[in-house]
Amino acid sequence: MSDPPVRLTKEEVAEAYGRYGHLVLRRCSRILRRDDAAEDALQEVFVRLWRYGDAFRAAESKVAWLYRVADRCCFDVLARDRTRREVPFDETGAELVSEGSDRRAIEDREIVLMFLSRFDDRVKEVAVLHYLDGLTQEEIAAATGWSRQTVVKKLAFLADRAEKLRAALLSTSGAP
Amino acid sequence: MSHPSNFILERFSVNDLAGPSALEVEQHIRACDGCTQFLAQLEAARKARLAAVPAAQFVEQVSARRARVVRLVDHRIARLGAAAMTVLAAAAAILLFVRRPDHGPLGGVTLKGSGVAVHRNRGGDVHALASDETIRGGDALRIVITQSRPTRVAAWVVDVQGRIDRVVEEGSIALPSGESALPGSLVVDSPCIDLELVVLFGVESFQDAERRLKEAIPDGAIPEGTGWGLPGALTRRLRCE
Ligand SMILES: [Zn+2]
């Protein structure tokens, strides 16, 4: 019988949390938009770090590894909770519009993140890499292993959806 | 140089960038107030986080959670209405008695009329998993056992890397004849890894059974449908999509 792959020690997990925990939490908060869910996702990410410690150790970029795991954890939460947590259109619109005086200030990023649960996981991944990480098309292609063309298509799709959602938000919030 | 991406700055802030890239970013930051401020915010967030939940406390939380991660008891399926369960039972019955000769060594009397069905809950859509259907991270799985006489049953999931997780926290459980669901449900990890579900009927000594299961795990890839050399065992491969 072979030994199971080596898992991290408690000390290593504590060290990883001390160094990267705040970054992972920040990411989860931005994707999930709920503090309790983000906290939960953060724990889930570290459970997996513990479990797949060998892969983490081997990762060239620890942050990139943790972010990919965080994204998957968050997408799972979004998929599970979609019906429960999605904010009705009219409410979201009111909230968004009252936040800033300039309606144009509703950025694509905010809209895409707010409605992230509506997209399939590949589109979600591109959305997060582009809108949260600020990666270029080439960088997204490199990070995901998808062709540049696929990435371009998904970004165009996202921009288009953001535009439509923005229009819908503004119309439901009583914009002229 | 234009501003580095958030991702690069975040990596830089925790020394996750390799030498040349780190140098480039460092040079940029010296001349850029915006990026300097962003890094200061990250550092403040790190301190605030560690003050709010110190590492030792966090590790305890994760440790407790880790103990139940794969076989996380999840009551969402249990909350399903009786009507849904009846439909499921009917669907399961079809699956249950399709005795595939490549599943299990088919040794031992307890196996006669025994079966295993896996119900998958994905975003509220629940049904018995057909043999060509797949799982993915976040799916909740419920294991439904059928047997012709009351025995103790144990179940494990073994991932393709040979990690074993008990489905029943206590090890084995006494089940009546007929159809019964194992308590709780499994939530599939992300990233999803192919799993082999191993169910053992007529368990006398759980310790002994688990030891034999561990011994049966080979060095290389996990074999599919061999029964693991455990008399009385049924296996089922759960593939990731
Ligand atoms: Zn800058």
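Naming: A, B, ... by sequence-line order, numbering from 1 per chain.
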With a 4.5 Å limit on heavy-atom distance, are the side chains of B/N6 and A/Y131 in contact? no

Just by distance, do the side chain of B/D16 and the backbone of A/S61 share a donor-acceptor pair under 3.5 Å? no

A/R68 versus chain B, heavy atoms under 4.5 Å apart: side chain, backbone, both or neither? neither

Can you check side chain to side chain contact (heavy atoms under 4.5 Å, CB included) on A/D76 and B/R136, steps first, answer last? CA-CA 9 Å; A/D76 288 348; B/R136 70 176 182 219; over 6 Å; no

Using the ring-ring contact (aromatic ring centres under 6.0 Å, His included) criterion, which residues pair with B/F58? Sequence neighbours excluded. A/Y17, A/F46

Take atom CD of A/Q149 as the centre, draw a 6.0 Å sphere, and report whether it contains more than 12 heavy atoms from other residues, nucleotides or ligands. no

Within the structure provided, determine whether B/S13 and A/L23 are in side-chain contact (heavy-atom separation under 4.5 Å). yes

Does A/E39 pair with B/R49 as a salt bridge, N-O distance under 4.0 Å? yes

If you count heavy atoms of other groups shown closer than 6.0 angstrom to CD of A/E138, is the number above 12? yes

Between atom OH of A/Y20 and atom CZ of B/R46, what is the distance when rounded to the nearest 0.5 Å? 11.5 Å

Taking the side chain as every heavy atom from C-beta outward, state whether B/V14 and A/H22 have any pair of such atoms under 4.5 Å apart. yes

Which portion of B/Q57 sits near chain A, non-hydrogen atoms under 4.5 angstrom: neither

Identify which of A/D121, A/L42, A/L129, A/V13 forms the greatest number of heavy-atom pairs closer than 4.5 Å to chain B. A/L42

With a 4.5 Å limit on heavy-atom distance, are the side chains of A/K10 and B/E60 in contact? yes

Where does A/A64 contact chain B at under 4.5 Å (heavy atoms): side chain, backbone, both or neither? both

If we only count heavy atoms from C-beta on, is the A/L132 to B/F7 side-chain gap below 4.5 Å? no

Taking all non-hydrogen atoms of both residues, which atom of B/L50 and which atom of A/G18 are closest, and how far apart? CD1-O, 3.8 Å

If you look at every heavy atom in A/D133 and B/E10, which pair is closest and at what distance? OD1-OE1, 4.5 Å

